[in-house]
Amino acid sequence: MEVILLKKVARTIVLSTCLVIMSLFIRSQISQTMISSAAVKYYLMSGGYVGFDASKGRITSVPKKIGKIPSTVGGKKVKIIGRYAFQGCSKLKKAVIPSSVKKIENGAFYKCSGIKSVTIPKKVKSIGEYSFGYCKKLSKVIFKKGSKAKFKCNEAFFGSTKIKTVSNNPNSTWKKRITSEKKALKKLQKIYKNTPEYFLSERAVSAVYDISSVTKEQWDVIKTKAEKITKGCKTQYEKAKAVDKWVENYLCYDYDKKANDGEREQNPYKLLTWKKSEHHQIDVCTDCIGYSILTYALLREVNVPSVILYYISDAGGVRHAWNAICCDGKWIWTDATETKNGRSFFDAGTAGIVCDDDHSRIDQINRTQLSSFGD
């Protein structure tokens, strides 16, 4: 009986000691947190509490339901939009940056899915990486006249592929790429006007793949699948969108080349009839060429003109391939490979596709592939 009693006492002492140690540790951590964030105070505003460092004029955090960027907090002007301060604020539709702001830090508006337009004042000197990254509805960026903001377009706006217009653009690289992209679209339009049959022929893909190996019977299989995917679609645009989404969901990227014994499968028929039992129990996978060829093949069989575009690496091989599609007389871009990686490239905006790409893919196709058709 005494032994049992002593054991209970010992357990109680050990448990009490552990609780004291944990309590001391938690208090020390809280103290450190309070010290490190002593300058940040929280102010109740519309939608919730806003974290603000008045000494720097820096917003550190906002409630997810906020619908407007405050120009003042606690009676002080906002000068800095802090790191990831507005991240994921889906209620924000128009990001009108206050005129007093001088700096927009990394990820400030990262993945703000509701933002459709951004207005950046003249005083802003720098825009950090992913500041407006992955804003999937962002279509318009407005810089105030005289803006000299410093940023890299393929970093600050990375993943925001739907951007169509950029007013008073202070970034020379971005401006050149937009001009180049417009030139490419104009060239495609001219080619289509002169030789529309080209985009439904094997020549549209011959630069990256010899599709003549696909037999008539195999094309029939592809046609049946294409018609099933686009069932109910009335316009070429609807068909293109349906095909793009299906390819994106159907394929996986073949990173290690194990599924096909060291080679990546690119034949559209073989991709459609893929059997895991014949590929080491691995799901259907390919590379960017396979993605673009399957997209082209399915579109061709429902009479939607398209072409595979590509650019060459320094080593001389195809660095990347994607598609341009003629939908109801208008050319659009799509890139099912990159869409699979979380960025929607279907009908990408004029400025969005080029700010997303650090390899300047549009410049390359202008210099090589499209230039082969003449002016």
Side-chain angles (χ1 to χ4, degrees), residues 68-69 81 86-87 89 92-189 309 322 324 330-335 338-339 342-366:
K68 184 180 179 181
I69 303 169
I81 307 294
F86 287 81
Q87 178 182 353
C89 292
L92 198 61
K93 306 299 181 186
K94 292 183 178 181
V96 180
I97 312 298
S99 59
S100 56
V101 172
K102 296 180 180 180
K103 184 179 183 180
I104 302 172
E105 294 184 346
N106 294 356
F109 297 90
Y110 183 68
K111 287 190 174 181
C112 286
S113 58
I115 290 181
K116 295 181 179 180
S117 66
V118 172
T119 302
I120 300 171
K122 185 178 178 180
K123 285 185 179 180
V124 171
K125 295 179 180 179
S126 65
I127 304 173
E129 296 177 10
Y130 296 101
S131 292
F132 299 95
Y134 290 91
C135 295
K136 62 182 182 181
K137 290 184 180 179
L138 179 58
S139 63
K140 184 188 296 184
V141 179
I142 304 166
F143 289 91
K144 290 296 184 179
K145 288 184 178 180
S147 172
K148 295 181 180 179
K150 301 292 182 183
F151 63 94
K152 290 184 178 180
C153 57
N154 59 295
E155 291 180 355
F157 295 88
F158 189 85
S160 298
T161 58
K162 300 299 183 181
I163 303 173
K164 294 181 178 179
T165 61
V166 184
S167 303
N168 306 312
N169 192 344
N171 188 291
S172 59
T173 300
W174 201 3
K175 286 169 72 174
K176 288 177 182 177
R177 289 185 178 184
I178 292 170
T179 300
S180 186
E181 195 240 9
K182 288 180 178 179
K183 181 181 176 183
L185 288 172
K186 188 176 180 180
K187 176 78 77 171
L188 282 168
Q189 191 63 44
L309 301 173
W322 70 104
K330 177 189 174 184
W331 281 94
I332 65 170
W333 308 114
T334 191
D335 189 337
E338 293 298 339
T339 298
R343 291 170 286 163
S344 177
F345 271 85
F346 181 79
D347 196 7
T350 310
I353 191 172
V354 290
C355 79
D356 189 86
D357 171 48
D358 62 348
H359 299 290
S360 195
R361 66 170 92 183
I362 305 299
D363 290 338
Q364 283 216 23
I365 66 168
N366 273 325

Pairwise side-chain contact, [X] with [Y], heavy-atom cut-off 4.5 Å (strictly under):
X: R177; Y: T173; answer: yes
X: N106; Y: Y130; answer: no
X: I142; Y: I120; answer: no
X: V124; Y: F151; answer: no
X: W322; Y: T334; answer: no
X: K144; Y: N168; answer: no
X: I81; Y: I69; answer: yes
X: F132; Y: I104; answer: yes

Nearest-0.5 Å distance that lies between atom [atom1] in [X] and atom [atom2] in [Y]:
X: K140; Y: S167; atom1: NZ; atom2: OG; answer: 7.0 Å
X: K162; Y: S344; atom1: NZ; atom2: OG; answer: 3.5 Å
X: L309; Y: L188; atom1: CG; atom2: CG; answer: 6.0 Å
X: K330; Y: L185; atom1: NZ; atom2: CG; answer: 9.0 Å
X: K182; Y: S180; atom1: NZ; atom2: OG; answer: 12.0 Å
X: T161; Y: D347; atom1: OG1; atom2: CG; answer: 9.5 Å

What are the two closest heavy atoms between A149 and P170, and how far apart are they?
O-CG, 4.0 Å
Please name the pair of heavy atoms, one in C135 and one in S160, separated by the smallest distance, quoted to 0.1 Å.
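Scanning both residues, the minimum pair turns out to be N-OG, 3.0 Å.
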Could you point out which residue of I178, I163, T179 forms a side chain to side chain contact (heavy atoms under 4.5 Å, CB included) with T350?
I178
Is the side chain of N171 donor-acceptor paired with the backbone N or O of K150 at a distance under 3.5 Å, no angle test?
no
May I ask you to decide if A108's main-chain N or O and S131's side chain share a donor-acceptor pair within less than 3.5 Å?
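Side chain of S131 to backbone of A108: no pair is present.
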For atom NZ of K103, decide whether the heavy atoms of other residues, nucleotides or ligands shown that lie under 6.0 angstrom number more than 12.
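Atom NZ in K103 is not crowded, with 12 or fewer foreign heavy atoms closer than 6.0 Å.
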Residue K186 excluded, over 12 heavy atoms near NZ under 6.0 Å:
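No, because the 6.0 Å sphere around NZ of K186 holds 12 heavy atoms or fewer from other groups.
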Using the test ring pair (Phe, Tyr, Trp, His ring centres under 6.0 Å), find all partners of F86 that sit at least two apart in sequence or belong to another chain.
F109
Check: W174 ring centre within less than 6.0 Å of F157 ring centre:
yes
Name all pairs fulfilling the side-chain hydrogen bond (donor to acceptor under 3.5 Å, both in side chains) condition that reach into residues 109-125, sequence neighbours left out, sorted by first residue then second.
none
